A.B. asks: 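Have a look at the structure that comes next, please.
All values reported here derive from a predicted model rather than from experimental measurement. Convention: sequence-line order gives letters A, B, ...; per-chain numbering from 1.
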Protein chains: 2
Amino acid sequence: MEKQIELKEITKQEVDFAQWYTDVCLKAELIAYSSVKGCMIIRPYGYAIWENIQNILDKEFKKTGHENVYMPLFIPESLLQKEKDHVEGFAPEVAWVTHGGTNELEERLCVRPTSETLFCEHYANIVRSYKDLPKLYNQWCSVVRWEKTTRPFLRSREFLWQEGHTVHATAEEAKAETLQMLNIYADFAENCLAIPVIKGQKTDKEKFAGAESTYTFESMMHNGVALQTGTSHYFGNNFSKAFEMQFLNKENKLEYMYQTSWGVSTRLIGAIIMCHGDDKGLVLPPNIAPIKAIIIPIGKDEAVFEKANEILSNLNAQGVTTKIDLSEKSPGYKFAEAEVRGIPLRVEIGPRDLANNVVTVVRRDTGVKTQVEIEKLLDYVLAELKNMQKDMFDRALERRNGMIYVAKDYQEFKNLADTKPGFIKTMWCGDRACEEKIKEEIGVSSRCIPFQQENLGDKCICCGKKAKHMVIWGKQY
Amino acid sequence: MEKQIELKEITKQEVDFAQWYTDVCLKAELIAYSSVKGCMIIRPYGYAIWENIQNILDKEFKKTGHENVYMPLFIPESLLQKEKDHVEGFAPEVAWVTHGGTNELEERLCVRPTSETLFCEHYANIVRSYKDLPKLYNQWCSVVRWEKTTRPFLRSREFLWQEGHTVHATAEEAKAETLQMLNIYADFAENCLAIPVIKGQKTDKEKFAGAESTYTFESMMHNGVALQTGTSHYFGNNFSKAFEMQFLNKENKLEYMYQTSWGVSTRLIGAIIMCHGDDKGLVLPPNIAPIKAIIIPIGKDEAVFEKANEILSNLNAQGVTTKIDLSEKSPGYKFAEAEVRGIPLRVEIGPRDLANNVVTVVRRDTGVKTQVEIEKLLDYVLAELKNMQKDMFDRALERRNGMIYVAKDYQEFKNLADTKPGFIKTMWCGDRACEEKIKEEIGVSSRCIPFQQENLGDKCICCGKKAKHMVIWGKQY
């Protein structure tokens, strides 16, 4: 057999969260390893989740006027070096192609870690006047960053993502774009992935290499650790100036373009796993689950198989993607397999059920079993998928909110960071020196300056000088 | 302005077909060049064509039970070398990554030219018994081949494609899969791209590096040159043995898996351009066109704009993807722009049209103009899109058939090859020596051994020995 799931093989979360995570990635058949170190194979079930993410987001991008393009995989070293901060941020972690066939290349090429430089060069070539603006491009592709320690979905030498790159005639329009895309991401995370997020701005220390400002939506995993799930950057003219991206404005004068970029990646799958998973494996929010329900017939009764197949056809015909497990495994084994894969609803049917014209429906998130009359099954399934989606979000929100603490002084800050997994809110003066001291002494980094500010006091938690912002701190993936 | 189309800038086909092709790729904004030599940027309009290709084929793949996966971009040199023919075929033309960040890699990695080796390793890891078979995987990705001379879509150092890789418990099943996928491709080419194809088998000389047999569908471009548009390979156990891909069969004995792979690429876009394009630019078959109709209002009459927008909404609401050109360019300029982009139908509306409650519809392929009552426009558009699709296929078929010649002796073969662009059918003994001699002396290569054989005689055109097959020969891209 391809795979022998034994539940004891999944490490318990409280025993070793990191090992639990890896176990789930493998046992739920989201990924597999290969001889390519630091890279992962995304298996059909994992890739189907990514396809659902792509389909939903791509529609949102197109609705807001974005077009997809494809840029080359390679970036010549000289092009990468054009923007100073950008090359400093990325050059240390790129893969270099030095040979084509048997010939050494005249100039080495890096495998794209991100494509700002290629988009900049292209925009400089194709935009002449304000009439050509805005250009709202996006690409779905893979990127490479030569990480030393890797983990499936969270930090992999290659990962799949989308990168939006836009140029505008005014700073206002570009800033509005940056926030529009952040909101699309955040709504998607909350409504489809059932992951509550905190929207805010990154500090200068934590912003993207080359950006004027970086906006983020931060989520908290089961173990209280933060995951930066996606970012949206406003570049101002930083890259425009480096790449001579000018256009004739309405006054017929040359002006630099205003630019944004924004991206989310397969990291979102890591967030789903760590936000919702439990000791039995994955728990998928119905809105993103590739399979919404699985039917498991009990016994070998022909009439049961027939009814099970009829239910299968009905659910699929009504748009509820449903599978049936007709393998020779035992029911208990099939239950465990459906659980580890996080399929929202399990529909059991045996001879006695058939005689009573009912099935047993089990919710993956709560384990609650309900007998449902077969003729009412479709309505029940549709309603329960909706309920489960909402319940998963509500539970994640409650758990997260219960793990956000307020620190009023430096000692309390240290105590909280040492003893309480989760986020800590404090006031901050805005100085990088304080941020670095906190990182070093307390071991947490700034997650973001939330848009929703609260006034927790007047003084910076670190230096005691006048506070500028409330910041959320935490340990991060 | 982003782009100044001047028709004189498009070279005429009969003057220089290659230059015409490049002109169309650029002027229709399918691609752009960048500082990455030998690679292309696929612009929104070109990428939209690829997205349509992807959507249609992906549905067919899934309907026939295939699942999408994602394999790493890199292949360790040792893995590439496992299958002798395969490494010989690909090693000379791959890009090598030698450094990650500042460190030299212990083993260099090639950027995948194709992913057989990765799939083989994976299948060896996940398949144990016949119960795990078949595995029907596909991936959409980009691949890299370090070509010396490159041309947009036809031969590019990086291109987008899909590669299907399947393993089966029996040779029969694998062979059936190979042919099933070839048929899916061929039907797609004929029904969606309006490109007539000839299905057949590649000779041993022309087959894929490592395959037992390669099936192909060949199409003919406007200039009589062949384009190998897609291939489907049956591997037998070649790779299975090299990669130790064994499974327990029903008799509980270890057996090697039977394998296939099949792929089509952005080359299909090149085929569309060269099969249907004319001196005005691209001509897109309606079934694959990203924009089915474009509305061009004439003059500056508010009532005309209003009616034009109403027509736009109606057509889009009925699923006919329609755009409107409201730019400040002249009507003639807009017509030329719509023509170069190959939009199937142009809908013109001016004040006089509005007064008569009509529009003028112009077909891109024929240039025929028809006055249509506005209230009958939707039906007319739907019917004309269908007609145009069929007419384009019929014309391409007629042209192609008119350019297929029969050679009965070697001198006639040579004369035809020297004077008549197109394909030449001859009998062949099956010997590689004759095939190589023909290639060298006559300058044509074997396109395929068509499934639909004809008996043109008993003797090989080259050596005069007993003929085994009818072969189609031609010059190729």
Side-chain angles (χ1 to χ4, degrees), chain A residues 1-3 32-37 39-48 50-51 67-76 78-79 91-103 108-109 111 118 121-122 125-129 131-132 137 139 141-142 144 146 157-158 160 327-328, chain B residues 1-3 32-37 39-48 50-51 67-76 78-79 91-103 108-109 111 118 121-122 125-129 131-132 137 139 141-142 144 146 157-158 160 327-328:
Chain A
M1 307 245 288
E2 175 181 329
K3 172 189 42 126
Y33 294 115
S34 70
S35 61
V36 192
K37 277 178 215 153
C39 294
M40 59 183 172
I41 293 169
I42 307 183
R43 300 188 66 180
Y45 196 56
Y47 199 81
W50 181 239
E51 284 184 312
E67 300 179 290
N68 286 331
V69 299
Y70 189 77
M71 291 282 157
L73 173 64
F74 301 117
I75 303 172
S78 55
L79 195 67
E93 58 173 41
V94 297
W96 291 105
V97 173
T98 57
H99 289 74
T102 51
N103 299 321
R108 57 182 193 161
L109 305 168
V111 183
L118 293 167
E121 185 189 48
H122 185 50
N125 283 334
I126 65 168
V127 174
R128 291 287 162 268
S129 113
K131 290 180 193 167
D132 302 324
Y137 289 175
Q139 89 173 345
C141 64
S142 84
V144 168
W146 218 253
R157 285 186 175 169
E158 182 194 14
L160 302 179
S327 67
E328 291 164 21
Chain B
M1 308 243 288
E2 173 181 334
K3 171 189 43 123
Y33 294 115
S34 70
S35 62
V36 192
K37 277 179 213 152
C39 293
M40 58 183 172
I41 293 169
I42 307 183
R43 299 188 67 181
Y45 196 56
Y47 199 81
W50 181 238
E51 284 183 312
E67 300 179 289
N68 286 332
V69 298
Y70 189 76
M71 291 283 157
L73 174 63
F74 302 117
I75 303 173
S78 55
L79 195 67
E93 57 173 41
V94 296
W96 291 105
V97 173
T98 57
H99 289 74
T102 51
N103 299 321
R108 58 182 193 161
L109 305 168
V111 184
L118 293 168
E121 186 189 48
H122 184 50
N125 284 334
I126 65 168
V127 174
R128 292 287 162 267
S129 112
K131 290 180 193 167
D132 302 324
Y137 290 174
Q139 88 173 345
C141 63
S142 86
V144 168
W146 217 253
R157 285 187 176 168
E158 183 194 13
L160 301 180
S327 66
E328 290 164 22

A.B. asks: Who wins among B/E93, B/R108, B/M40 for the most heavy-atom pairs under 4.5 Å with chain A?
C.D. replies: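 Greatest number of close heavy-atom pairs with chain A: B/M40.
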
A.B. asks: Does a side-chain heavy-atom distance below 4.5 Å link B/F74 with A/V111?
C.D. replies: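 In short, these two side chains touch, coming nearer than 4.5 Å.
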
A.B. asks: Taking the side chain as every heavy atom from C-beta outward, state whether B/V69 and A/I42 have any atom pair closer than 4.5 Å.
C.D. replies: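 Counting from C-beta outward, B/V69 and A/I42 never come under 4.5 Å.
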
A.B. asks: Please list, chain by chain and in numerical order, all residues satisfying side chain to side chain contact (heavy atoms under 4.5 Å, CB included) with A/A32, sequence neighbours excluded.
C.D. replies: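 Result, side chain to side chain contact (heavy atoms under 4.5 Å, CB included) vs A/A32: A/I41, A/R43, B/H122.
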
A.B. asks: To the nearest 0.5 angstrom, please state how far the CD atom of B/E67 sits from the CD atom of A/E51.
C.D. replies: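 Separation between the atoms: 10.0 Å.
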
A.B. asks: Would a 4.5 Å heavy-atom cut-off, applied to side chains only, mark A/L73 and B/L73 as touching?
C.D. replies: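 Touching, per the 4.5 Å side-chain cut-off.
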
A.B. asks: Does any heavy atom of chain B fall under 4.5 Å from the side chain of A/P72, the backbone, both, or neither of them?
C.D. replies: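 Its backbone and side chain both get close to chain B.
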
A.B. asks: Minimum heavy-atom separation for A/P44 to B/Y137, with atom names?
C.D. replies: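 For A/P44 versus B/Y137, the nearest heavy atoms are CG-CE2, 3.4 Å.
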
A.B. asks: Using a cut-off of under 4.5 Å on heavy-atom pairs, state which of A/G46, A/S35, A/P92, A/C141 scores highest against chain B.
C.D. replies: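 Top option by heavy-atom pairs under 4.5 Å: A/S35.
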
A.B. asks: Which pair of heavy atoms, one from A/E158 and one from B/M71, lies closest together, and at what distance?
C.D. replies: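 So the two residues come closest at OE1-O, 4.2 Å.
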
A.B. asks: How long is the gap from OH on A/Y33 to CG on B/N125, to the nearest 0.5 Å?
C.D. replies: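 With rounding to 0.5 Å, OH (A/Y33) is 13.0 Å from CG (B/N125).
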
A.B. asks: According to the interplanar angle, ranging from 0 to 90°, do the rings of B/Y47 and A/Y70 count as parallel (below 30°), tilted (30 to 60°) or perpendicular (above 60°)?
C.D. replies: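 It falls in the parallel class, under 30°.
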
A.B. asks: Under 4.5 Å from any heavy atom of chain B, what part of A/W96 do you find: side chain, backbone, both or neither?
C.D. replies: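 The answer is both parts of A/W96.
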
A.B. asks: Which residues satisfy the side chain to side chain donor-acceptor pair (under 3.5 Å) test with B/S34, sequence neighbours excluded?
C.D. replies: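 Partners of B/S34 under the side chain to side chain donor-acceptor pair (under 3.5 Å) test: none.
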
A.B. asks: Any idea which of B/V94, B/T98, B/N68, B/L109 has the most non-hydrogen atom pairs under 4.5 angstrom with chain A?
C.D. replies: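 Sorted descending by pairs with chain A, the first entry is B/N68.
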
A.B. asks: What part of A/A95 gets within 4.5 angstrom of chain B, counting heavy atoms only: side chain, backbone, both, or neither?
C.D. replies: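 Backbone plus side chain of A/A95, per the 4.5 Å heavy-atom cut-off to chain B.
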
A.B. asks: With respect to chain B, which residue among A/L118, A/L79, A/L160, A/I75 yields the maximal number of heavy-atom pairs within a distance under 4.5 Å?
C.D. replies: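 Top option by heavy-atom pairs under 4.5 Å: A/L160.
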
A.B. asks: Does any backbone or side-chain atom of A/Q139 lie under 4.5 Å from a heavy atom of chain B? Answer side chain, backbone, both or neither.
C.D. replies: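 Neither part.
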
